[in-house]
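Structure first, then comments.
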Amino acid sequence: MIQVLNNKTAYKIEMVFVMTENINWFPKHMKDSEDLLKKSLKAVDIVFEVLDARAPLSSKDMNIDRIIGQKARIVILNKCDLSSNDGNKQWVSFFNRGDTEVVLVNAVNGDGLKNITNLARKVITKAGIKNKSIRAMVVGIPNVGKSTLINCLAGKKKAKASNKPGVTRFKQWIDTKSQLELLDTPGILRPREDKDTVLNLAFIGTINDDVLDVGTLASDLIEKLVEIVPEELCARFKIDINDKTPLEILENIAAKRGCILKGGSIDYMRVSGIVLSEFRKGKLGKITLEYPGC
Ligand code: G4P
């Protein structure tokens, strides 16, 4: 039976951070990775900080600014094919303050990456670096698309830096054939305290569903969608959401999609999987989960 939404949801998901081996919260591992990042910084000209355009702040490693310091950087808002145009615009101006260059990218088809070498050259030249070949370190939490981006720039599949503690293949240089060398780094996900951040990370699939109560998560997602994109929710599932709780909406979707078990009860696992998967694949439209200043 699905658990009904309550105030303990965030706490429960936060507990999952502590319980799972899928999430690298281990202080020793985080410290080791951080030390390696700092050491590797000396070997690169610029940092490519990759964020998920659907939730740029939730998917940002808040320690990265301290680690990177004044190093030249480009902020890459990846998965912009899944986030709203308005959200993309607002986040570009948010991160574009000062000298920081920001690019909207779809690492699957390469949109936004065509001029990345020229842009990186412009940024490092401003910082007084005149190397012929540019060395860039790609950083970001797990699942933001670092490997996809590197593969796209390199033009073929390269090995992926593991996000798992103990099996990290750090210091992996990848040549892109365009005077750009990339240093792949493992994604570190630190424990988060803010409920909305935790939920956003779960919605976009950064936290593995295997360690979550997907029924509760799907209800939480429906609650969020009712708030930000009610028309898209109704249109996708052909349902009426007026005066309904998230759980009732989930049950309506189950009925529409035939998620009914033998005996007539609702298959909560299946319908929850459908809602989460269709949101993540962009089937409800281009949706930004958080906006600057909100
Ligand atoms: P990571 O190295 O930062 O951990 O992320 P990774 O490249 O493994 O990407 C995580 C998932 O995000 C992959 O999907 C990948 O295809 C998808 N992805 C990356 N960039 C983009 C993008 O710009 N747009 C969209 N729509 N998706 C993107 P997956 O389902 O986990 O794996 P796969 O079966 O697609 O390879």
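Whatever order the structure lists them in is the order used to number ligands and atoms, beginning at 1. Heads up: numbering here begins at 1 and tracks the sequence. Note that this is a predicted model, so its numbers are computed, not measured.
Numbered from 1 in the order shown, with element, the atoms of ligand 1 that lie under 4.0 Å from a heavy atom of Lys146 read 1 (P), 2 (O), 3 (O), 4 (O), 5 (O), 7 (O). If you number the atoms of ligand 1 from 1 as listed, the ones under 4.0 Å from a heavy atom of Ser147 come out as 2 (O), 7 (O). Listed by atom number, the atoms of ligand 1 under 4.0 Å from Asn106 heavy atoms are 22 (C), 23 (O), 24 (N).
The option from Thr185, Thr148, Asp184 that lies nearest to atom 6 (P) of ligand 1, judged by heavy atoms, is Thr148. Taking each of Asn143, Thr206, Asn78, Val144 in turn, the one with a heavy atom nearest to atom 4 (O) of ligand 1 proves to be Asn143.
If you take CG on Asp86 and CH2 on Trp91, they are separated by 12.0 Å, rounding to the nearest 0.5 Å.
The pair Glu34-Arg66 meets the salt-bridge criterion, with a side-chain N (NZ, NE, NH1 or NH2) lying under 4.0 Å from an Asp/Glu carboxylate O.
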Donor-acceptor contacts, no H, no angles, side chain residues 284-294, under 3.5 Å, sequence neighbours left out:
| unit_1 | atom_1 | unit_2 | atom_2 | d |
| --- | --- | --- | --- | --- |
| Lys286 | NZ | Cys80 | O | 3.1 |
| Lys286 | NZ | Ser83 | O | 3.3 |
| Thr288 | OG1 | Ser84 | N | 2.9 |
| Thr288 | OG1 | Ser84 | OG | 3.1 |
| Glu290 | OE1 | Ser58 | OG | 2.8 |
| Glu290 | OE1 | Asn200 | ND2 | 3.3 |
| Glu290 | OE2 | Leu57 | N | 2.7 |
| Glu290 | OE2 | Ser58 | N | 2.8 |
| Glu290 | OE2 | Ser58 | OG | 3.4 |
| Tyr291 | OH | Ser84 | OG | 2.9 |

Can you give the donor-acceptor pairs under 3.5 Å from side chains of residues 227-240 to other protein atoms, not counting sequence neighbours?
| unit_1 | atom_1 | unit_2 | atom_2 | d |
| --- | --- | --- | --- | --- |
| Arg236 | NE | Glu278 | OE1 | 2.7 |
| Arg236 | NH2 | Glu278 | OE1 | 3.1 |
| Asp240 | OD1 | Asn242 | N | 3.1 |

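Residue-level proximity to ligand 1 for Asp81 is carried by the side chain, the only part with a heavy atom below 4.0 angstrom. When non-hydrogen atoms are compared, ligand 1 lies under 4.0 Å from neither the backbone nor the side chain of Leu149.
For the pair Gly145 and ligand 1, the shortest N or O to N or O distance falls below 3.5 Å. Among the atoms of Ala107, some N or O lies under 3.5 angstrom from an N or O of ligand 1.
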Begin from the C-alpha positions of Asp209 and Arg280 and carry the test salt bridge (Lys or Arg N to Asp or Glu O under 4.0 Å) through to its verdict. CA-CA 12 Å; Asp209 286 347; Arg280 288 172 187 160; 2.7 Å; yes
Salt bridge (Lys or Arg N to Asp or Glu O under 4.0 Å) for Glu49 and Lys60? Distances and angles first, verdict last. CA-CA 9 Å; Glu49 182 186 13; Lys60 181 176 169 70; 2.8 Å; yes
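With a 4.5 Å cut-off on side-chain heavy atoms, Ile67 and Val139 do not count as touching.
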